[in-house]
Amino acid sequence: MNRIDWLSPKPLFLIILTLGVYLPTFSFLRFEDSFSRVWPFLFFNKTATVMEALLIYTGVAIAFCVAHGRALKKPYSKNIRIINEKTFGLRMFVMVGVGLFSISAIIYFVGGIGQLLAGASDRTRAFSGLQGLFILLNILAAAAVGWLLRLTSRPTRLSEKLTFALFMLGALGVLALQGQKSTLFILIGALAIIFNARVRRFRAVEIVVGAVILYVGLMSYHIYKQEYLVLGRVASLGSGEQFWDTVYTFMNDQFFGNFMQLQTMSVLIEGTPHPLEYQYGYTYWSGLLLLIPRSLFPGKPLPSTGIFTEAFWPDMWRVAGTTLPAGVFGEGYMNFGIAGALGLAWLAGHIYGRIERRHRDHPADDFGLAIYAVMIAAMLHYFRGEVASVSYAAASIFLPVLFLTTRRRASTPAEVS
């Protein structure tokens, strides 16, 4: 009997849902969670609101699972794409060149490497208008994904594996200059999912240990860019006997800062349509304009994160420049109420079901696996973020893999048991 693949869409979706919705329930009701400390909100009837939010997310889970199951039943019979061995080296050279050009242009426009490092702690203000170049920089992550696909599709020499490892270290170093944890997380997660799919399925305990190591590494990076580069010291961690207490508090707050979907949905239930009116698709329109610099379009609408924060915590947005994402299903609710949240859940279940079926039917499909791996790795950020920015980030990693592949006719798909 096959073990559960914990890195496949449905199990991972339900795990994230549990962490972000059901687990925080009691601490949120008692005002003991980090959300209540940082983002205070006066509820008229908190218990009833939280229960309604739980019911909505239960509906989200059902909609996702039903849509996912239906999408899995239809075989994938379209063309697939395989790494082109003849042109792989030349095309990788081009992709790396584009990535290096992008980081060079970013450094030039921000005024040097020092300004780039200093701006990493406040990306929204420091790098305004440069989103397109940062998205283009993700082609280095795409190159890493494409290279691992090649390594796992045929026997390779040790020298190529070592070369890939060195490239990965360099790519991670350059991508870290963005000051953005999400890109690093998605890249590392996608590589792990490719290994899980083609080499050896990870056990649950291995996934947990790997997740802890990745989390500690990303939090160390976070402290370095947010505090050490700005202040020249680490302010959030104490010293002496208080050190481990402050480490625990910091790690706990940062961890559950990614799992606030129950809290944000509860705020929206009480705060929509007053003071925040339903957006009726406005936030998705603003997402399409995300890459246009505000200097060229002064009237560009705020993204959903800005609209949400402006409505309920205006000082956090106007003074501190800090925003809080409502989560992808919160954004759906913000636009169309309960129907928006459930509709997005159904659409997400369908999309993840189709990319999973493509991978199941055609394991040798390199581009199909690239989409599968990147989209699963991005699932957490969809859950906690918004549709537009996460979609841009994910697409900027898997779409360039097309450049490394050649179209092939799909064979007869296998039946799903």
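Values reported hereafter were calculated over all heavy atoms of this structure, with side chains retained and with hydrogens, waters and symmetry mates removed.
Distance alone, capped at 3.5 Å, places no donor-acceptor pair between the N79 side chain and the R407 backbone. The main-chain N or O of G368 is found under 3.5 Å from a side-chain atom of D365 such that the two form a donor-acceptor pair. Side-chain atoms of S266 come within 3.5 Å of backbone N or O of L262 as a donor-acceptor pair. Although no hydrogens or angles enter the test, the distance criterion places a donor-acceptor pair under 3.5 Å between the side chain of Q279 and the main chain of E277. Looking at R201, its side chain does come within 3.5 Å of a backbone N or O of R3 through a donor-acceptor pair. Judged purely by atom type and a 3.5 angstrom limit, T264 uses its side chain to pair as donor or acceptor with the backbone of A326.
For the pair R91 and F403, the cation sits on the ring face: its NZ or CZ lies under 6.0 Å from the ring centre, inside 45° of the axis. Note that R150 lies in the cation-pi zone of F88, set by a 6.0 Å cut-off to the ring centre and a 45° limit from the axis.
Between F312 and W39, the distance separating the two ring centers is not shorter than 6.0 angstrom. When ring centroids are compared, F13 and F383 come within the 6.0 Å threshold. In this structure, F259 has its ring center closer than 6.0 angstrom to the ring center of F255. Checked against the 6.0 Å centroid threshold, Y372 and F398 do not count as a close aromatic pair.
Within a 6.0 Å sphere centred on CZ of R154, heavy atoms belonging to other residues, nucleotides or ligands number more than 12. The neighbour count for H222 NE2, taken as heavy atoms of other residues, nucleotides or ligands under 6.0 Å away, is above 12. Within a 6.0 Å sphere centred on CD of E206, heavy atoms belonging to other residues, nucleotides or ligands number more than 12. Other residues, nucleotides and ligands contribute at most 12 non-hydrogen atoms within 6.0 Å of the CH2 atom of W6. Within 6.0 Å of OH in Y278 there are more than 12 heavy atoms belonging to other residues, nucleotides or ligands.
For the residue pair N335 and T283, a side-chain donor N or O sits within less than 3.5 Å of a side-chain acceptor on the partner. In summary, the side chains of Q180 and T183 do present a donor paired with an acceptor at a separation below 3.5 Å, with no hydrogens or angles considered.
Ring orientation note: the planes of Y284 and F336 are close to parallel, at an angle under 30° on the 30°/60° scale.
Pairing each heavy atom of L137 with each of S102, the nearest pair is N-OG, 3.3 Å. Contact detail for A144 and L187: the closest heavy-atom pair is CB-CD1, 4.1 Å. Closest heavy-atom contact between M375 and A394: SD-CB, 4.1 Å. Heavy-atom minimum distance, A190 versus V145: CB-CG2, 4.5 Å.
With respect to D366 and R198, a salt bridge is recorded, a charged nitrogen being found less than 4.0 Å from a carboxylate O.
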Determine, stepwise, if the pair S389 / E386 fulfils side-chain hydrogen bond (donor to acceptor under 3.5 Å, both in side chains). CA-CA 6 Å; S389 60; E386 57 178 345; 3.2 Å; yes
List the steps, then state whether side-chain hydrogen bond (donor to acceptor under 3.5 Å, both in side chains) holds for N84 with T405. CA-CA 5 Å; N84 190 324; T405 63; over 6 Å; no
Report the C-alpha distance between N258 and R384 in whole Å, list the side-chain angles of each, state the deciding distance to 0.1 Å, and finish with yes or no for side-chain hydrogen bond (donor to acceptor under 3.5 Å, both in side chains). CA-CA 6 Å; N258 291 297; R384 68 173 298 275; 2.8 Å; yes
Taking it one step at a time, do F167 and W147 satisfy side chain to side chain contact (heavy atoms under 4.5 Å, CB included)? CA-CA 10 Å; F167 171 78; W147 199 342; 3.6 Å; yes
Does the pair Y282 and S304 meet the rule for a side chain to side chain contact (heavy atoms under 4.5 Å, CB included), with working shown? CA-CA 9 Å; Y282 182 80; S304 65; over 6 Å; no
Evaluate the ring pair (Phe, Tyr, Trp, His ring centres under 6.0 Å) criterion for residues F35 and F41: first the C-alpha distance (whole Å), next the side-chain angles of each, then the deciding distance (0.1 Å), finally the verdict. CA-CA 9 Å; F35 176 89; F41 182 82; 8.4 Å; no
Start with the C-alpha gap between I103 and L133, add the side-chain angles, then the distance that decides, and say whether side chain to side chain contact (heavy atoms under 4.5 Å, CB included) holds. CA-CA 8 Å; I103 189 61; L133 284 173; over 6 Å; no
Going through the distances and angles, do D33 and S27 end up as a side-chain hydrogen bond (donor to acceptor under 3.5 Å, both in side chains)? CA-CA 5 Å; D33 60 318; S27 60; 5.2 Å; no
Show your reasoning for whether side chain to side chain contact (heavy atoms under 4.5 Å, CB included) applies to M334 and L276. CA-CA 8 Å; M334 191 190 306; L276 177 62; 3.8 Å; yes
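In this structure, the separation between CD1 on I56 and CD on E52 is 5.0 Å, given to the nearest 0.5 Å. Residue S34 holds its OG atom at 5.5 Å from CZ of R37, rounded to the nearest 0.5 Å. Atoms CG and CD1, from L369 and I355 in turn, are 10.0 Å apart once rounded to the nearest 0.5 Å. Between the CG atom in L175 and the CE atom in M168 there is a gap of 8.5 Å [rounded to 0.5 Å].
The side-chain hydrogen bond (donor to acceptor under 3.5 Å, both in side chains) with E356 is formed by just one residue from the set R360, H359, R358; it is R360.
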